[in-house]
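Every chain is numbered from 1, with letters handed out A, B, ... down the list of sequences.
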2 protein chains.
Amino acid sequence: MATPNPERRSERARQAILDAALELCLKHTYGGLTMEGIAKRAGVGKQTIYRWWPSKAAILLEALQERGGSTLIFPDTGNLKADLRAQMNQVVTAFTDPTFAAYSGGLIAAAQSDPDIAAAVVASIIKPRVDLCVERLQKAQQAGELRPDVNLPDLVELLYAPLYYRLLLHTRPVSKSQVTTILDLALNGATADKN
Amino acid sequence: MATPNPERRSERARQAILDAALELCLKHTYGGLTMEGIAKRAGVGKQTIYRWWPSKAAILLEALQERGGSTLIFPDTGNLKADLRAQMNQVVTAFTDPTFAAYSGGLIAAAQSDPDIAAAVVASIIKPRVDLCVERLQKAQQAGELRPDVNLPDLVELLYAPLYYRLLLHTRPVSKSQVTTILDLALNGATADKN
């Protein structure tokens with residue numbers, strides 16, 4: 001008979017902890033989020049949480065990876081602009097969700113003074129999404145739709161950076177009409193036609 | 001005889017406080033910056049600081065406005081691409097300065113959970129710079145260099161957002177070669193030539 005592993009996470013407790021972290025982050029902002037608060041809300045001991053996660057940032061990262069999964073599907077219908085628009089609109093939907101904005105903003109805030117959090121955000125959230133977009137752009141470049149000299153990770157950055165800019169600098173609301181403008185400028189260029 | 005105003009800021013003390021805030025922010029990160037620490041380092045009483053500024057964020061904002069002045073000069077030589085490159089390279093120089101990165105990162109982190117700080121960053125740092133760039137782009141658009149249908153604030157966002165993206169998400173270092181790529185893509189577009 002197998003010995004039960006006392007260190008094994010209870011899936012129900014794990015989900016309760018992720019839920020609690022997201023709810024409290026929305027209610028009190030990231031700055032007001034504490035391990036004690038999460039434990040109380042989730043109905044578990046603080047030691048249980050510390051056994052599984054070193055920090056509140058680690059809990060939010062896990063929640064973001066797990067619940068932000070939908071933006072990991074990159075469409076491929078053969079129409080590059082339509083596929084980019086569909087995927088970027090998914091990002092807009094995520095960025096305009098108040099819960100998402102609260103915890104992603106909190107994580108990125110924490111990343112400014114903690115290089116470990118910054119590296120974890122890049123490795124677990126940003127990079128997998130950039131890689132998928134590069135893959136889709138590669139097919140378009142091979143099909144002759146994109147200039148052969150375009151560096152694809154740089155193009156991904158140009159497409160997505162304006163969404164992060166509004167999310168983090170709070171200049172204007174992130175929006176689907178913004179996606180239309182970004183795609184027009186990045187694909188066609190701002191320079192007047194020389195003809 | 002005029003009565004001296006006891007509320008009048010001593011310029012020397014003010015500069016000492018800005019210096020202290022910047023030095024301590026670089027040394028301890030924004031999270032470790034305190035009003036007590038700034039007062040001690042600047043050799044003034046904590047009450048003096050609180051009389052002039054409501055928070056450490058307000059001190060850093062004033063420092064950023066005052067010391068980040070160089071990026072408020074927008075060149076106009078008649079060559080749009082060269083002017084944009086010169087100005088964007090100035091921003092790269094600021095973003096790659098460790099002191100600037102520490103305090104601007106700290107301010108933007110604070111903005112994620114404090115809408116007043118977010119609004120102050122936009123009003124005093126971002127907007128004046130966007131306005132100057134829009135002015136320069138307007139001349140280019142009137143001269144027929146840019147497509148007449150391009151929304152200029154949206155173009156400014158496309159040009160500068162990738163610099164903020166790297167500064168805040170810590171994916172790759174902000175660099176002058178990045179400026180070359182951004183200008184090529186944003187002005188010429190990524191789509192292959194249809195000819």
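Of the two parts of B/Ile125, neither the backbone nor the side chain holds a non-hydrogen atom closer than 4.5 Å to a non-hydrogen atom of chain A. Of the two parts of A/Val121, neither the backbone nor the side chain holds a non-hydrogen atom closer than 4.5 Å to a non-hydrogen atom of chain B. A/Thr171 touches chain B through backbone and side chain together, each having a heavy atom under 4.5 Å away. For chain B, no part of A/Asp114 is nearby; none of its heavy atoms comes within less than 4.5 Å. Of the atoms belonging to A/Pro153, heavy atoms from both backbone and side chain fall under 4.5 Å from chain B. Within the 4.5 angstrom heavy-atom criterion, no atom of A/Gln141 approaches chain B. Both the backbone and the side chain of A/Leu168 come within contact range of chain B, each with at least one heavy atom under 4.5 Å from a heavy atom of that chain.
Ring orientation note: the planes of A/Phe95 and A/Phe100 are close to parallel, at an angle under 30° on the 30°/60° scale.
A donor-acceptor pair is defined here as one N or O able to donate and one able to accept, closer than 3.5 Å; such a pair exists between the side chain of B/Gln178 and the backbone of B/Pro162. Remark: side-chain polar atoms of B/Asp154 are not paired, donor with acceptor, to backbone N or O of A/Thr181 under 3.5 angstrom. Put simply, the side chain of A/Gln112 gets close to the backbone of A/Ile108: a donor and an acceptor are under 3.5 Å apart.
At a heavy-atom cut-off of under 4.5 Å, chain A is reached by no residue from residues 34-46 of chain B.
Annotation: maximal heavy-atom pairing with chain B below 4.5 Å, among A/Asp184, A/Asn151, A/Ile126, A/Ile182, occurs at A/Asp184. Comparing B/Gly189, B/Ala118, B/Ala140 by heavy-atom pairs within less than 4.5 Å of chain A, the highest count is held by B/Gly189. The choice from A/Val150, A/Leu185, A/Leu80 that makes the most heavy-atom pairs within less than 4.5 Å of chain B is A/Leu185.
Salt-bridge annotation for A/Asp131 and A/Arg136: absent, with no side-chain N of the basic residue lying under 4.0 Å from a carboxylate O of the acidic one. Looking at A/Arg172 and B/Glu157, a side-chain N of the basic residue comes within less than 4.0 Å of a carboxylate O on the acidic one, giving a salt bridge.
With 3.5 Å as the limit, one finds a donor-acceptor pair spanning the side chains of B/Thr180 and B/Arg85.
Shown here is B/Lys27, whose NZ atom has no more than 12 heavy atoms of other residues, nucleotides or ligands within 6.0 Å. Annotation: A/Lys139, atom NZ; neighbour count of heavy atoms from other residues, nucleotides and ligands within 6.0 Å does not exceed 12.
Counting only heavy atoms from C-beta outward, the side chains of B/Trp53 and B/Arg14 approach each other to under 4.5 Å.
The hydrophobic cluster containing B/Leu183 also contains B/Val134, counting ILVMFWY residues as joined when their side-chain heavy atoms lie under 4.5 angstrom apart, directly or transitively.
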